[in-house]
Amino acid sequence: MKQRIVVIDFETTGLSARGGDRAIEVGAVAIEDGRIGATFQTLINPGRQVDSFIESYTGISNSMLAEAPNGREVFPELHEFVGDAVLVAHNASFDQNFLDAEYQRVDCTRQQPFLCSMRVARRLYPDAPNHKLGTLVDYANVPITGTFHRALADAEMTALLWLAMLATLRDGFGLEDAPLELLQKLQSVAIARADDWLAAKAAE
DNA sequence: TGCCAGGCCCTCTTTAGGGCCTT
């Protein structure tokens, strides 16, 4: 089965989607047939000022956000871009919470599973100094495609890390045709949801 | 009134605690 994957990354006003923090940038990268394909990126006006820490951390200023489209414009477009692809993010619970919260505001829903590159990396690269995205990019010899802590660059590098992990599995375990299935098996919770969802899709 | 994230994962665990990772 050729499964389309979309790797996604959010920059946000803070850490708590449920506490009212909002997305200020989204980047998404499609992986199709084992290669990076279409991309989606936009700033998002959160309807409030971001604090100086976020401006410094992301390089995204309040003046940049003032001219950006709001979530009502962005998220229906993102929903269409994602389609029925399996989603991947680095520390996926964070991005999943923001995606679901922003989708809810525009009456969109997410049905597909959300897999976590960090959870896979912790199993596949247990000797890495740590499992931050930037460290893993260096550890796995993934090219740096842009500025860290910007959504599209982080999504691209997460996608390349994901492909590198697939290659590690292929080379290390002789797997040629089932890397996604093995990755799913490395994730106890995600796998169950992914298998259920893929089975449901296959039965349609 | 006071507090303010949350989920995963490891271990000196399971009647729990603390570090990691995301912005």
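Residue numbers start from 1 in every chain, and the chains themselves are labelled A, B, ... in the order their sequence lines are given, proteins ahead of strands.
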task = Report the relative orientation of the aromatic rings in A/His79 and A/Tyr103; use parallel for angles under 30°, tilted for 30 to 60°, perpendicular for over 60°.
result = perpendicular
message = Considering every strand and a 4.0 Å limit on heavy-atom distances, what is the contact class for A/Leu133: base, sugar-phosphate, or nothing?
response = sugar-phosphate
ask   = Can you check whether A/His131 has a side-chain N or O nearer than 4.0 Å to OP1 or OP2 of B/dC20?
value = no
key: Short side-chain N/O contact from A/Arg119 to OP1 or OP2 of B/dC9, under 4.0 Å   = yes
ask   = For the pair made of CG in A/Asn97 and P in B/dT22, what is the distance, rounded to whole Å?
value = 15 Å
message = Mind checking if A/Asn130 touches a base, just sugar-phosphate, or nothing, with heavy atoms under 4.0 Å?
response = sugar-phosphate
request  = Rounded off to whole Å, could you give me the CZ-to-P distance for the A/Arg123 and B/dC21 pair?
outcome  = 14 Å
task = Walk me through it: do A/Asn45 and A/Leu43 pass the test side chain to side chain contact (heavy atoms under 4.5 Å, CB included)?
result = CA-CA 7 Å; A/Asn45 187 332; A/Leu43 293 171; over 6 Å; no
task = Kindly write out the residues that satisfy salt bridge (Lys or Arg N to Asp or Glu O under 4.0 Å) with A/Glu32, not counting sequence neighbours, or none if the list is empty.
result = A/Arg4
message = Rounded to the nearest 0.5 Å, what separates atom CE in A/Met165 from atom OH in A/Tyr125?
response = 6.5 Å
key: OP1 or OP2 of B/dT23 under 4.0 Å from side-chain N/O of A/His149   = yes
ask   = Where along residues 42-58 of chain A does a heavy atom come under 4.0 Å from DNA chain B, residue by residue in number order?
value = A/Phe53, A/Ile54, A/Tyr57, A/Thr58
inquiry  = Expressed as a whole number of angstroms, how long is the span from A/Arg18:CZ to B/dT22:C1'?
reply    = 14 Å
query = Which is true for A/Gly19 with a 4.0 Å heavy-atom rule: it touches a base, it touches only sugar-phosphate, or it touches nothing?
reply = nothing
query = If you find the nucleotide of DNA chain B closest to A/Thr12 and the one closest to A/Arg122, which residue's nucleotide is nearer the 5' end?
reply = A/Arg122
query = So which heavy atom on A/Met157 is nearest to which on A/Pro143, and how close?
reply = CG-O, 3.8 Å
Closest non-hydrogen atom pair, A/Pro76 against A/Val106 = CD-CG2, 4.2 Å
ask   = To the nearest angstrom, how far is A/Asp9 atom CG from B/dC21 atom P?
value = 16 Å
request  = Starting at atom CZ of A/Phe114, determine the distance to atom P of B/dG7, rounded to an integer number of angstrom.
outcome  = 14 Å
note = Whole-Å distance, A/His90 NE2 to B/dG7 P, equals 18 Å
task = For B/dT13 versus B/dC8, give the span between their C1' atoms, rounded off to a whole number of Å.
result = 15 Å
